[in-house]
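The next block holds one structure in the form of structure tokens; read it before the comments.
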2 protein chains.
Amino acid sequence: MSISIKSPADFHVHLRQGPICELITPHVRKGGFDLAYVMPNLKPPITNTEQALAYKAELEKIDPEVEYLMTLYLSLELTPDEIRKAKKAGIVGKIRGPNGSELTGVKSYPRGVTTNSDGGIESYETYYPIFEAMQEVNMVLNLHGEVPSDAAANVHVLNAEPTFLPHLFKIHAAFPNLRIVLEHATTRAAVEAVNKCGPTVACSITAHHLALIVDDWAGQSWHFCKPVAKFPDDRQALRDVVKEGHPRFFLGSDSAPHPPHTKSTSSPTHGCAAGVYTSPILLPLVAHLLESFGALDKLEAFVSTNGRAFYKRPVKDEKGSRTVTIQKTTTGTLVDAEYALGNDRLVPFWAGKQIGWEIVHWEAYG
Amino acid sequence: MSISIKSPADFHVHLRQGPICELITPHVRKGGFDLAYVMPNLKPPITNTEQALAYKAELEKIDPEVEYLMTLYLSLELTPDEIRKAKKAGIVGKIRGPNGSELTGVKSYPRGVTTNSDGGIESYETYYPIFEAMQEVNMVLNLHGEVPSDAAANVHVLNAEPTFLPHLFKIHAAFPNLRIVLEHATTRAAVEAVNKCGPTVACSITAHHLALIVDDWAGQSWHFCKPVAKFPDDRQALRDVVKEGHPRFFLGSDSAPHPPHTKSTSSPTHGCAAGVYTSPILLPLVAHLLESFGALDKLEAFVSTNGRAFYKRPVKDEKGSRTVTIQKTTTGTLVDAEYALGNDRLVPFWAGKQIGWEIVHWEAYG
């Protein structure tokens, strides 16, 4: 059995910098994708048009076959004028919202970030002029939907996402025409929240959150990512909404490699880096997972058409598109144990495990 | 400021076997304790009187100053006759109940362990003849209060303990005179459950569960143990019941060392060993923690008198007892980074961190 998918698009991926970037950028295509929506959390973060264009040029030098959509990192440095400039410059120019960890970063700016009194939540009102400009030029707001942990308020990694959802509703109500993506949803509450919103609110789901639950990362750093995988019932809600083929839910892998020494916990004082690396096996992995819960018929919707429709990046675009064919393997395909990176290495999700699908063919489509 | 405590007793500790046992058994006294309630989960587990007495003799050879209370591992091999034999042999002879991981081990016996239909829970009825004999000879049942994870029933490491509690109520109702200890409680639900039970039901609490929450072990294997630390509100319930000085709640450290290579997660396919090693710093650590939430006045109750009263091991016993004096340090005491173990090493909880208390004096008391 084989399945052909038109121009798979990964609407959330980390391509890093330097040698890691050179290794993993070609893994986008290796994993079956020809569109990468690239996260801006570099050092320093991508906060303006020039940086975003320069980063895009670097990526295109490494693999010009992939279409890169660039994002800007939301910070107080960003102005409504910069938004309009980014749009004019041809940057697809989505803006990534504050998130759990990055919220803290935004908070640490001394220039007047206000904090609500009800639980230390970041005030999104500070960014309303930016959101206004984004709505005006039709950009997309990507929200990492977690609030920072706060023991005094009983907020922790497991309820950080549900606790965030009132902010989603509030921003959506204030800017009903602003397209918003709730990124890498992990809970039933998040799925239901997006479901309740209007057609301008969508939701990305990673491959690994369709596979993992809390038990899988308890004591296993390779499965530790943010947001953390939640409970079986939450995973079921993610699987169900994919199986339903809901048009506002689509793949964003959040693929984020870290070398083993940053995943090691031999130090009792330092935790490990958060992130799961799925890029090089992404399309076969997603097919394997969707098959496991009877949603293989929704594969193309989940990995291509739904996201492309929301982002207004149709399959046929100025760069042309491809059809990728995957085939069910009888023996299983072994996931690579690792990828050499100078004297270091990167280890993909499910390293050494069998996946039931493999990419067999690429075909020009556009 | 200094505090003197009469004969601290740790009512739940793992002393292992072989070279590790030789290293860590003296750490009981190093940590300020002169009674150790020793867990039977060795390889093979301690399932009969002879094994328990032989293990006790080994421990006494290493450090004869500590009083060791031995336990038997509950399994289908255990008979009511063995219970009576253990009692006659002078074994204090507590029985450790099935637990999350070990339940699976019990389940794997092919000799007729039944499983209820309502969620795959181990049937404790199988052990009722044992409990009957224990009640008759006045032994204590130690329950690891977790059910195995079961994704189909939405049971996972975070709700495994609350899901177990109906079993506690049921056993308590069936054997109202059987003394039961719910071991290493981690949730508000567990605290409330023990509170509701009669005077024959008590509860042990570890030091590390007074310190940690889920965020602390997310991506940090050195803080990973079973049961896993829960939410801030759960930790608050543990702290509150200690602060209240409730007589049926007392320390059981569950100190459980593992060498770094078993805590490492450089393998993407294997998780790390569960356990936190607190023995060598236990009394200063508990003082530090109780001070942090204003419960220092309950220190002696928590680490000595409450547990001793429940177990009927009064401070003055045939072996004599001591007073241990700890002193508040102005500079803090640095926790050892590690303990050499041949070519290997053990790393204690809070390695390299400062604790506000140190042991300054031992004095004969009995």
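Just so you know, these numbers use all the heavy atoms, side chains as well, and skip hydrogens, waters and symmetry mates. Chain identifiers are assigned alphabetically (A, B, ...) following the order of the sequence lines, protein sequences preceding nucleic acid strands; residue numbering begins at 1 within each chain.
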What parts of residues 229-242 of chain B touch chain A if we use heavy atoms and a cut-off under 4.5 Å? B/F231, B/P232, B/D233, B/R235

Among B/E161, B/H209, B/H208, which one satisfies side chain to side chain donor-acceptor pair (under 3.5 Å) with B/T186? B/E161

Any donor-acceptor pair under 3.5 Å from B/S255 side chain to B/S279 backbone: yes

Any donor and acceptor pair, going by atom type alone, linking the side chain of A/D10 with main-chain N or O of A/H12 inside 3.5 Å? yes

Greatest number of non-hydrogen atom pairs under 4.5 angstrom with chain B, of A/D215, A/V228, A/V214, falls to A/D215

In terms of heavy-atom proximity below 4.5 Å to chain B, should A/A218 be classed as side chain, backbone, both, or neither? both

Within a 6.0 Å radius of atom NZ on A/K226, are there more than 12 heavy atoms belonging to other residues, nucleotides or ligands? no

Sort B/A274 into side chain, backbone, both or neither according to what part of it lies under 4.5 angstrom from a heavy atom of chain A. neither

Using ring-ring contact (aromatic ring centres under 6.0 Å, His included) as the criterion, list what pairs up with B/H223, not counting sequence neighbours. B/F349

Give the intermediate values and the outcome of side-chain contact (heavy atoms from CB on, under 4.5 Å) for residues A/V191 and A/C203. CA-CA 8 Å; A/V191 170; A/C203 183; 5.6 Å; no

Check the pair A/H258 / A/Y277 against side-chain contact (heavy atoms from CB on, under 4.5 Å), numbers first and verdict last. CA-CA 8 Å; A/H258 296 279; A/Y277 183 41; over 6 Å; no

